[in-house]
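Only one structure is covered here, and it is reproduced in the block below.
Sequential numbering from 1 along the given sequence is applied to the chain's residues.
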Amino acid sequence: MDSKLTILAVDDNSISLATIEQEFKRSYEVIALNSGIRALQYLSQKTPPDLILLDVQMAPLDGIETLRQIREMENCQEIPVIMLTSQREKQTIVESSKLGINDYVLKPFKTQDLHERIERVLKAEVDKRLDNR
C-alpha cells in the first residue's frame with residue numbers, strides 16, 4: 001500500500017483549517033495546526049511534510065515570518081509552500097515570493113481550485129527531484 005503524501009496546514013481560522021482537513025484527508029495525510037508557532041515546533045521535531053499550506057494573517061506570528069523561520073530550519077528550505085491569503089496586497093505576494101513560495105490562493109478558496117494547485121505543485125516537485133538525479 002502506498003503511503004499518503006503529507007500536507008501541513010497552518011491557519012488560525014478554525015473553519016478554514018477544518019475545511020482543509022475534511023477535503024484533503026482522503027488523498028493526503030493532513031497535519032492541521034492553528035498557529036505559526038506550533039508549525040515551527042512541529043517542523044523542528046518531525047519529518048518535514050511534502051507540502052505546507054500556510055495562512056498569511058495569523059497572530060502572534062504571521063505567515064510571512066513563519067515562512068522566514070521555516071526557510072532557516074535545516075531540512076525545510078525546499079518544502080513547497082502554498083500561501084493562503086485574503087490579502088490582495090502586492091507587498092504580501094512579493095514578500096512571500098522572496099521566501100520561495102510555489103503558489104498562493106486567495107481566501108475564501110474553492111476546494112477544487114486548491115486541489116488542482118496542490119497537485120500541480122507536488123507534480124512539479126516530483127519532476128524537479130527526478131531531473132536532479
Side-chain angles (χ1 to χ4, degrees):
M1 185 170 120
D2 292 334
S3 62
K4 292 181 180 179
L5 295 176
T6 303
I7 294 177
L8 175 62
V10 186
D11 195 326
D12 62 352
N13 180 309
S14 58
I15 294 170
S16 290
L17 208 52
T19 300
I20 291 167
E21 202 167 11
Q22 275 302 117
E23 285 296 321
F24 296 98
K25 70 181 181 182
R26 286 183 298 282
S27 304
Y28 304 98
E29 181 177 336
V30 179
I31 309 299
L33 300 174
N34 65 358
S35 76
I37 293 168
R38 287 190 174 165
L40 294 170
Q41 290 168 342
Y42 174 87
L43 290 167
S44 69
Q45 299 169 4
K46 305 286 184 183
T47 302
D50 297 292
L51 179 121
I52 298 172
L53 296 176
L54 184 59
D55 184 33
V56 171
Q57 289 184 287
M58 296 186 294
L61 199 61
D62 70 21
I64 302 289
E65 184 55 35
T66 299
L67 182 55
R68 188 172 283 118
Q69 291 185 37
I70 288 170
R71 292 301 188 216
E72 292 172 359
M73 298 173 80
E74 192 174 334
N75 298 327
C76 294
Q77 292 89 2
E78 301 296 321
I79 300 171
V81 175
I82 297 175
M83 298 297 279
L84 304 174
T85 182
S86 55
Q87 297 180 351
R88 296 177 188 268
E89 295 175 19
K90 187 176 181 182
Q91 186 60 32
T92 300
I93 296 163
V94 169
E95 282 299 309
S96 300
S97 296
K98 286 179 184 175
L99 294 168
I101 64 166
N102 298 74
D103 204 346
Y104 72 96
V105 175
L106 291 174
K107 289 166 110 179
F109 55 82
K110 290 185 170 71
T111 55
Q112 182 60 36
D113 181 40
L114 189 54
H115 261 288
E116 290 169 5
R117 289 172 186 249
I118 288 171
E119 296 215 356
R120 186 175 62 236
V121 167
L122 289 173
K123 182 184 181 322
E125 282 301 303
V126 167
D127 291 348
K128 186 169 85 175
R129 289 178 189 158
L130 289 174
D131 288 346
N132 289 335
R133 284 186 175 176

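- Between Asn102 and Glu125, some side-chain heavy-atom pair lies under the 4.5 Å cut-off.
- Between Ile82 atom CD1 and Phe109 atom CZ the span is 11.0 Å, to the nearest 0.5 Å.
- Note that the CG atom of Leu67 and the SG atom of Cys76 stand 10.5 Å from one another [nearest 0.5 Å].
- A continuous path of ILVMFWY side-chain contacts below 4.5 Å connects Val30 to Leu5, so both sit in one hydrophobic cluster.
- A 4.5 Å side-chain heavy-atom check between Thr6 and Thr47 finds every atom pair outside the cut-off.
- A pairwise comparison of heavy atoms in Asp12 and Gln57 identifies OD1-O, 3.3 Å as the closest pair.
- Residues Leu8 and Pro49 share a closest heavy-atom pair of CB-CG, 3.7 Å.
- Between Glu21 and Leu17, the closest side-chain pair of non-hydrogen atoms is not below 4.5 Å.
- Leu84 places a side-chain heavy atom less than 4.5 Å from the side chain of Leu114.
- Applying the 6.0 Å contact sphere to CD of Glu116 captures more than 12 heavy atoms from other residues, nucleotides or ligands.
- Of all heavy-atom pairs between Val121 and Leu51, the closest is CG1-CD1, 3.6 Å.
- By the 4.5 Å heavy-atom criterion applied to side chains, Asn34 and Met58 are not counted as neighbours.
- Put simply, Ile7 and Met73 are part of two different groups of oily side chains (I, L, V, M, F, W, Y) that touch within less than 4.5 Å, one to the next.
- One finds the CZ atom of Arg71 at 12.0 Å from the OG1 atom of Thr66 (value rounded to the nearest 0.5 Å).
- In this structure, Lys110 NZ and Arg117 CZ are separated by 11.0 Å, a value rounded to the nearest 0.5 Å.
- Without hydrogens or angle criteria, Ser27 side chain to Phe24 main chain gives no donor-acceptor distance under 3.5 Å.
- Taking every heavy atom of both residues into account, His115 and Glu23 meet most closely at NE2-O, 3.5 Å.
- In plain terms, the two heavy atoms of Gly36 and Val10 that are nearest each other are N-CG1, 4.0 Å.
- Looking at heavy atoms from C-beta onward, Ser35 lies out of side-chain contact with Leu61 at the 4.5 angstrom threshold.
- Proximity of Asp55 to Ser86: side-chain heavy atoms (C-beta onward) are nowhere separated by under 4.5 Å.
- Residues Ile52 and Ile31 share a hydrophobic cluster, clusters being chains of Ile/Leu/Val/Met/Phe/Trp/Tyr side chains in contact below 4.5 Å.
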- Item | Test log, rule side-chain contact (heavy atoms from CB on, under 4.5 Å), inputs Ile70 and Val81 | CA-CA 10 Å; Ile70 288 170; Val81 175; 5.7 Å; no
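- Residues Val56 and Tyr104 fall within the same hydrophobic cluster, defined by Ile, Leu, Val, Met, Phe, Trp and Tyr side chains chained together at heavy-atom separations under 4.5 Å.
- By the neighbour-count criterion of 12 heavy atoms within 6.0 Å, atom NZ of Lys107 is densely surrounded, having more than that number from other residues, nucleotides or ligands.
- Leu54 contributes atom CG, which lies 11.0 Å from atom CG of Leu33 (distance to the nearest 0.5 angstrom).
- For the pair Ile20/Tyr28, no side-chain contact is recorded, criterion being any heavy-atom separation below 4.5 Å from C-beta on.
- Transitive grouping of hydrophobic side chains (ILVMFWY, heavy atoms separated by less than 4.5 Å) keeps Val105 and Ile93 in distinct clusters.
- With rounding to the nearest 0.5 angstrom, the CG atom of Asp50 is 11.5 Å from the CD1 atom of Ile118.
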